[in-house]
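These numbers were taken from a predicted model, which means no experiment stands behind them. In what follows, chains carry the letters A, B, and so on, assigned in the order in which the sequence lines appear, proteins first and then strands, with residues in each chain numbered from 1.
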There are 2 protein chains.
Amino acid sequence: MTRPTLEKVAARAGVSRATVSRVVNGSTTVAEHIRVAVQRAVEELGYVPNQAARSLVTQRADSIALVFSEPPVRVFSDDPTFAGIIRGVSLEADAADKQVVLMLAGSSRGHERVERYTTSGHVDGVIVASMHGADPLPAALARRGIPVVCSGRPLTGSSLPYVDIDNVGGAESAVRHLLESGRRRIATIAGPPDMVAGIDRLTGYRSTLRDSGRRSIIAIGDFTRDGGFDAMNQLLEDDPALDAVFAASDMMALGALQALRRAGRRVPDDVAVIGYDDIPSAPYADPPLTTVRQPTLRMGRELARLLLNPGESVILPTELVVRESA
Amino acid sequence: MTRPTLEKVAARAGVSRATVSRVVNGSTTVAEHIRVAVQRAVEELGYVPNQAARSLVTQRADSIALVFSEPPVRVFSDDPTFAGIIRGVSLEADAADKQVVLMLAGSSRGHERVERYTTSGHVDGVIVASMHGADPLPAALARRGIPVVCSGRPLTGSSLPYVDIDNVGGAESAVRHLLESGRRRIATIAGPPDMVAGIDRLTGYRSTLRDSGRRSIIAIGDFTRDGGFDAMNQLLEDDPALDAVFAASDMMALGALQALRRAGRRVPDDVAVIGYDDIPSAPYADPPLTTVRQPTLRMGRELARLLLNPGESVILPTELVVRESA
DNA sequence: ATGCTGGCTGAGAGCGCTCTCACGTCGGGG
DNA sequence: CCCCGACGTGAGAGCGCTCTCAGCCAGCAT
């Protein structure tokens with residue numbers, strides 16, 4: 001009942017361990033008839049290489065970790081970002097014959113666990129998908145000598161390679177759309193100021209308005225629906241005459257929609273609303289939400305590619321999806 | 001720049017490899033002053049045990065795999081099930097000092113990858129969270145001699161241990177609630193017939209109606225919003241006089257709500273609607289959705305517990321959450 | 001004094017694999 | 001005819017760790 005070893009396979013095929021190893025690893029310097037014999041033995045015995053033994057000598061694990069430095073509730077919300085990243089990373093890793101190991105490092109204990117796991121030789125590199133730009137984890141891993149790539153520009157001043165989405169540009173395109181459709185008083189519901197996405201989208205909003213000579217009307221949300229609801233109410237109070245809102249996330253936009261409805265404002269007639277992320281339920285909002293879509297799959301691919309063969313950081317463009325809310 | 005080994009630590013602390021190993025692994029038979037000295041050496045060198053070497057001799061990996069046998073898009077949808085399971089598993093694994101490795105086995109290639117990974121000694125056991133009860137993966141792993149626990153009763157007839165949620169009971173409680181509030185013509189939007197959750201919820205619906213002498217009105221959905229929308233339309237056509245719908249998932253309930261609205265039916269006045277899952281957006285539906293909540297966190301805990309110390313399969317109870325839609 | 005027990009420590013044998021060498025065994029050129 | 005290179009194979013040394021077992025030194029009973 002014990003798992004067959006190289007030795008067993010070798011004995012069965014009537015060759016040496018080394019030869020079996022060569023066959024298993026696809027070396028070309030093995031005579032055809034021997035290769036066939038070995039493969040049959042492997043098949044018959046159901047041999048699977050012991051990865052621990054292999055790693056021990058090669059010093060490679062042939063797998064990479066994809067760490068989500070967020071509480072699971074956020075990772076598994078109605079947000080396509082993570083799903084896209086995972087798919088992209090998996091695709092690229094597959095192509096390079098690497099295994100992807102997902103880890104959640106929500107708590108501080110999680111951080112420690114992840115650090116131990118990744119430094120103990122389980123993986124050849126780590127992709128940290130952290131929304132909080134000031135996360136200490138990436139730098140900590142890098143210090144340990146582990147290759148690291150960040151999803152989202154790190155706020156820690158470290159020079160780690162990263163892949164980010166053009167948040168500034170995305171916000172700009174949204175606000176410009178509002179401007180071009182004749183809106184005059186454009187408010188924003190910004191994200192948390194400790195997240196790159198929040199900061200950059202606010203920057204894009206601000207600069208675009210400034211360029212057009214209009215003033216900013218800002219409320220801070222936390223990327224959640226309730227946060228968006230509250231922020232919208234405050235915005236309405238601050239400037240009852242506003243005619244458009246750019247929310248830094250679709251969730252907040254959904255909350256804003258609700259607040260607007262409750263306040264008796266029609267969307268888009270009285271107030272235009274644009275969100276960010278293009279979550280699955282955006283098309284089903286009332287009215288269907290105009291939003292900024294991000295190339296999450298591509299982000300995942302670039303992340304993996306950057307980890308596998310180091311190079312320059314990458315910034316990906318966004319796409320404005322116009323529906324009915326603006 | 002190379003990682004320190006046991007040997008290095010031993011040399012620095014002036015003891016043997018064996019002693020360092022003892023200290024690192026928390027053996028009690030080490031003299032206090034030596035223990036302290038070794039710990040200092042470990043600290044100074046930043047020593048982290050090489051897991052490959054350790055696994056090689058212990059034949060343990062000290063980690064377990066949590067495999068999602070679904071496409072990522074489903075895993076990362078607005079569905080708290082997976083998040084709850086993951087948190088529960090993590091909690092329990094943490095307590096047992098095991099590492100949790102998440103894997104997605106959406107494609108058939110994914111299956112193969114997962115099988116290779118888990119059989120190559122990377123993990124001590126596998127939890128398969130598959131919604132498709134007929135998934136061949138669990139049995140395949142078990143055949144390989146790897147401990148396996150399934151989330152959801154397997155439909156393959158295998159006798160693998162599993163943890164499931166009382167889908168029949170959950171459906172019963174929903175239908176009974178409808179019955180008790182005076183509804184007479186209660187329809188259902190069932191889930192796909194190849195998923196245990198779909199099958200069992202339909203069973204619960206049917207038996208409850210039969211017991212009360214009423215007839216079933218059934219449409220099949222696919223657990224998606226669009227599927228729910230279509231199914232609701234068909235139901236309306238089949239029996240325009242229906243006054244209640246039990247949808248086997250909240251997503252389908254959301255679609256049904258939309259179809260009902262479009263058909264000019266008021267909820268709950270004309271038609272009562274109950275969903276299943278209690279997704280995060282259920283309270284924000286219009287009207288807020290009455291639904292069946294599942295103990296997903298506990299499910300995760302039981303799953304891990306069952307894997308770590310084998311025992312009887314477990315079935316967990318549900319809870320009816322009454323809001324305004326029914 | 002001698003023998004014994006009990007508590008700690010070190011020596012050393014592997015765990016299953018890869019990879020470097022050395023070792024045939026051919027074939028072709030000198 | 002011999003030598004040399006190319007090619008294919010096997011022997012063997014580890015990779016870094018755990019764990020058994022032997023060894024040592026006290027301390028106690030005999």
Side-chain angles (χ1 to χ4, degrees), chain A residues 1-39 41-42 45-63 97 116-117 119-124 145, chain B residues 1-39 41-42 45-63 97 116-117 119-124 145:
Chain A
M1 194 54 232
T2 169
R3 269 174 44 195
T5 68
L6 253 200
E7 196 95 36
K8 293 255 175 47
V9 178
R12 179 167 196 118
V15 297
S16 74
R17 239 173 30 234
T19 299
V20 178
S21 175
R22 274 188 274 260
V23 171
V24 170
N25 292 292
S27 166
T28 52
T29 68
V30 178
E32 181 63 13
H33 72 281
I34 290 201
R35 227 199 58 227
V36 172
V38 169
Q39 277 171 342
V42 165
L45 262 38
Y47 170 74
V48 179
N50 179 323
Q51 188 55 44
R54 184 178 269 178
S55 290
L56 185 56
V57 35
T58 60
Q59 305 283 26
R60 286 179 289 102
D62 288 326
S63 58
D97 227 13
R116 234 187 28 220
Y117 185 83
T119 52
S120 71
H122 270 294
V123 295
D124 301 325
Chain B
M1 196 52 233
T2 170
R3 268 173 47 195
T5 69
L6 252 201
E7 196 95 36
K8 293 257 173 48
V9 178
R12 180 166 196 119
V15 297
S16 75
R17 237 172 34 231
T19 300
V20 178
S21 177
R22 274 188 274 262
V23 172
V24 171
N25 292 293
S27 164
T28 52
T29 67
V30 178
E32 181 63 14
H33 71 281
I34 290 199
R35 229 199 56 228
V36 173
V38 169
Q39 278 170 340
V42 165
L45 262 37
Y47 171 74
V48 179
N50 180 323
Q51 188 56 42
R54 184 178 271 176
S55 290
L56 185 56
V57 35
T58 61
Q59 304 283 29
R60 286 179 289 103
D62 288 327
S63 56
D97 227 14
R116 232 186 32 218
Y117 185 83
T119 52
S120 70
H122 270 295
V123 295
D124 302 324

Q) How is A18(B) classified with respect to the nucleic acid when contacts are heavy atoms under 4.0 Å: base, sugar-phosphate, or nothing? A)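 Base, at least one base heavy atom under 4.0 Å.
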
Closest approach to the side chain of [X], judged atom by atom: which nucleotide of [options] is it?
X: T19(B); options: dT18(D), dT9(C), dT18(C); result: dT9(C)
X: T29(A); options: dC17(C), dG8(D), dT9(C); result: dG8(D)
X: V57(B); options: dG10(D), dG16(C), dT18(D); result: dT18(D)
X: A31(A); options: dC17(D), dG16(C), dT9(D); result: dT9(D)
X: N50(A); options: dA11(C), dT9(D), dC17(C); result: dC17(C)
X: A53(B); options: dG16(D), dT18(C), dG10(D); result: dG16(D)
X: R60(B); options: dC19(D), dG16(C), dG10(D); result: dC19(D)

Q. Mind checking whether H122(B) and Y117(B) have parallel, tilted or perpendicular rings, split at 30° and 60°?
A.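 Parallel, since the angle between the ring planes stays under 30°.
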
Q) When you measure from the side chain of S55(B) to the backbone N and O of R60(B), does any donor-acceptor pair fall under 3.5 Å? A) yes

Q.
For the CD atom of Q51(B) and the OG1 atom of T119(A), what is their distance to the nearest 0.5 Å?
A. 10.5 Å

Starting at atom [atom1] of [X], determine the distance to atom [atom2] of [N], rounded to an integer number of angstrom.
X: Q59(A); N: dC17(C); atom1: CD; atom2: P; value: 17 Å
X: N25(A); N: dC17(C); atom1: CG; atom2: C1'; value: 9 Å
X: R54(A); N: dG16(C); atom1: CZ; atom2: C1'; value: 11 Å
X: R17(A); N: dC17(C); atom1: CZ; atom2: P; value: 9 Å
X: H122(B); N: dC17(C); atom1: NE2; atom2: P; value: 13 Å

Q | pair R54(A)-N25(A): side-chain heavy atoms closer than 4.5 Å | A |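 R54(A) vs N25(A): side chains touch.
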
Q) Taking side chain as C-beta onward, heavy atoms only, is V20(B) less than 4.5 Å from V15(B)? A)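 They are in side-chain contact.
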
Q. What about R3(B): does its side chain form a donor-acceptor pair under 3.5 Å with the base of dG16(D)?
A.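 Checked by distance alone, the answer is no.
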
Q) Between the side-chain atoms of R22(B) and the base atoms of dT18(D), is any donor-acceptor pair under 3.5 Å? A)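 No pair found.
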
Q) Between V30(B) and Q51(A), which has a closest nucleotide on DNA chain C that is more 5'? A) V30(B)

